[in-house]
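To start, the structure itself, in structure tokens.
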Amino acid sequence: MGIRIYNTLTKKKEDFIPIEPGKVKFYLCGPTVYDYFHIGNARPFIVFDVFRRYLEYRGFDVTFVVNITDVDDKIINRAHRENRSPADVAEEFTRAYFEDLEKLRIRRATVHPKATEHIAEMIALIRKLEERGIAYRLNGDVYYNVEKFPDYGRLSGKKLEELQAGARVEVDERKRNPLDFALWKAAKPGEPAWDSPWGKGRPGWHIECSAMSMKYLGPDFDIHAGGEDLIFPHHENEIAQSCGAGSAQFARYWMHNGFLNIRGEKMSKSLGNVLTVREILKQISPEVIRLFFLQKHYRSPINYSEDILEETERAWRRLQNTYGELLQVENIPEDEFLAGKLPDRARAALQELAHHRSAFEEAMDDDFNSARAIGHLFEIVKLANRILAEGKPEGERAYVLSRIRKTLEGYDSFLSLLRKEESPATSGDFEKVMELLLEVRNSLRKKKLFDLADEIRSKLHEMGYQIEDRPDGSVWKKMS
RNA sequence: GGCGGCGUAGCCAAGUGGCUAAGGCGACGGUCUGCAAAACCGUUAUUCGGCGGUUCGAAUCCGCCCGCCGCCUCCA
């Protein structure tokens with residue numbers, strides 16, 4: 001059973017067949033580094049990070065490219081406003097971008113190319129388009145003539161005539177078609193500029209993705225992803241540029257994530273409702289943010305609110321709690337012989353695990369349906385808790401729990417939802433002192449000095465440690 | 001105006017022609033506990049925005065209506 005992907009280009013789910021068997025060439029539109037990225041920006045970063053790692057889990061060799069747009073109007077505007085250089089702004093927020101990625105447990109891409117380091121490639125691409133009569137010069141600018149590309153509008157499902165009818169009124173009259181877009185912009189005073197055959201200037205926004213994806217992935221590659229707002233014009237223009245310059249098809253599969261709304265509106269600077277990941281991470285742990293996105297299908301619109309995140313936090317706690325328990329169980333390696341001698345009860349549990357395993361992977365294979373997959377993940381959690389509740393985790397119970405733990409850890413290689421350090425630790429001075437404290441507290445409880453025992457518990461709770469008195473003894477956990 | 005999406009329990013959310021409509025949060029009852037916490041067991045949508053139609057059979061397909069949103073301009 002193979003992987004299926006909903007392709008924006010065909011508006012259908014298709015079997016995923018990579019150009020080169022076993023290898024996936026994958027491009028994601030990255031950030032424009034003019035500010036900290038917000039929770040809406042985080043969605044594609046997280047979901048496509050998981051998808052990339054899932055492809056690796058399924059055995060593909062993935063080359064993952066995520067660009068950094070470090071030359072752009074918004075960067076220049078901010079630099080002017082703050083009286084510093086655009087390069088300085090770009091550098092600050094590039095650094096911040098990587099810091100935030102790391103906090104969110106997003107793995108680095110294979111390459112993170114920067115636009116400013118690929119000016120030569122962009123110029124070469126524009127020259128090629130010019131040679132082929134697809135691009136034309138206009139007072140130091142260079143434009144792409146959309147009429148030269150018959151497929152223009154295919155990705156976004158728009159027709160050239162309709163687009164023209166709805167185009168903005170204030171168009172540059174000298175352009176051959178109102179939809180022609182800038183490949184190269186002539187330098188204006190105070191803007192970063194590079195030498196080119198057309199004089200000093202800077203590249204248009206769309207050309208960088210064409211140039212960098214083609215450089216690192218070749219003229220034709222497998223997957224191109226991004227937010228759904230990029231379908232038009234950005235991705236439409238990328239296709240036009242790349243195919244105009246010699247790609248047969250450019251990207252084969254186009255994946256677009258749905259938008260995140262806040263109070264029913266999209267998150268944007270102009271609406272003043274932007275919440276940066278940085279800000280949210282002060283309250284909420286990264287795993288919760290990941291789970292928040294993964295519990296929904298990547299193409300659906302989602303609503304952000306504090307309440308929903310708190311709800312997600314409680315769900316995440318359930319998952320983490322169980323994993324913490326599993327870490328306490330003796331790990332018994334997989335063993336065919338042992339497995340053959342298991343009693344029916346354990347055998348049934350393993351069968352249930354196998355069922356959820358295949359259902360989980362089936363869901364992930366089906367257009368990356370992480371929401372359905374997470375449902376099965378919680379079924380596995382329930383199974384683990386049921387076994388844990390049956391009695392001491394020894395013998396066949398430990399064997400089954402070990403299989404469950406391995407399953408969860410395998411999935412966590414791409415989900416990154418679990419924390420290893422949050423389990424009650426078993427070594428170190430701090431841990432020893434804590435054990436001692438719990439022993440003392442239990443003596444108090446035996447003597448029915450509950451006021452004192454409860455005070456210790458609530459004080460520890462205030463400090464961020466949770467105490468649980470279970471039938472087989474007391475345990476402590478670090479919270480959040 | 002053109003194009004597209006969405007509306008499933010108190011809330012979040014899968015499911016797109018046929019097994020009992022996943023899963024999570026919450027709530028309620030029970031088990032355990034000195035009390036909690038965690039966990040387990042059980043209950044919580046005879047029905048999928050509304051009205052018609054197609055079909056042996058529809059949340060799923062078609063039509064109309066109501067409500068919400070996105071894109072068409074920089075935007076994840």
Whole-Å distance separating the CD1 atom of A/I75 from the C1' atom of B/C74: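 In whole Å, B/C74 C1' and A/I75 CD1 are 12 Å from each other.
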Distance, rounded to the nearest Å, where A/D366 contributes CG and B/G15 contributes P: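 Distance, rounded to whole Å: 8 Å.
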Should the pair A/E325-A/K477 be classified as a salt bridge under the 4.0 Å nitrogen-to-oxygen rule?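 So A/E325 pairs with A/K477 through a salt bridge.
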Is the shortest distance from a Lys or Arg side-chain nitrogen in A/D469 or A/R445 to a carboxylate oxygen in the other one below 4.0 Å?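 A salt bridge links A/D469 with A/R445.
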Name the closest nucleotide to the [X] side chain, picking from [options].
| X | options | answer |
| --- | --- | --- |
| A/R441 | B/G26, B/G34, B/C72 | B/G34 |
| A/T32 | B/C12, B/A76, B/C71 | B/A76 |
| A/A371 | B/A38, B/A13, B/G24 | B/A13 |
| A/R470 | B/C35, B/C25, B/A37 | B/A37 |
| A/N385 | B/G26, B/G15, B/C40 | B/C40 |
| A/K477 | B/A76, B/G24, B/A38 | B/A38 |
| A/I302 | B/A13, B/G2, B/A36 | B/A13 |
| A/L260 | B/C40, B/C71, B/A76 | B/A76 |
| A/R372 | B/G15, B/A38, B/C74 | B/G15 |
| A/N261 | B/C69, B/G26, B/A76 | B/C69 |

Checking all strands, does [X] fall into the base, sugar-phosphate, or nothing category for heavy-atom contacts under 4.0 angstrom?
| X | result |
| --- | --- |
| A/R43 | nothing |
| A/L291 | nothing |
| A/F259 | base |
| A/N321 | sugar-phosphate |
| A/T322 | nothing |
| A/N369 | sugar-phosphate |
| A/E228 | sugar-phosphate |

B/C6 pairs with which nucleotide, Watson-Crick or G-U wobble, both distances below 3.5 Å?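 Base-paired to B/G67.
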Side chains of A/T94 and A/D70: donor-acceptor distance under 3.5 Å anywhere?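 Distance-only check fails for A/T94 and A/D70.
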Between A/R43 (side chain only) and A/G258 (backbone N and O only), is there a donor and an acceptor less than 3.5 Å apart?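 Yes; judged by distance alone, with no hydrogens or angles, the pair exists.
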Looking at B/C40, I'd like to know if its phosphate oxygens (OP1 or OP2) sit under 4.0 Å from a side-chain N or O belonging to A/R318.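 It does, given that an N or O in the side chain of A/R318 lies less than 4.0 Å from OP1 or OP2 of B/C40.
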Taking the six-membered ring for Trp, does A/F450 stack with B/G34 (centroid gap under 5.5 Å, planes within less than 30°)?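 Base of B/G34: stacked against A/F450.
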Side-chain contact test, heavy atoms from C-beta onward, threshold under 4.5 Å: evaluate it for A/I280 versus A/Y304 and give yes or no.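 Answer yes - side chains close enough.
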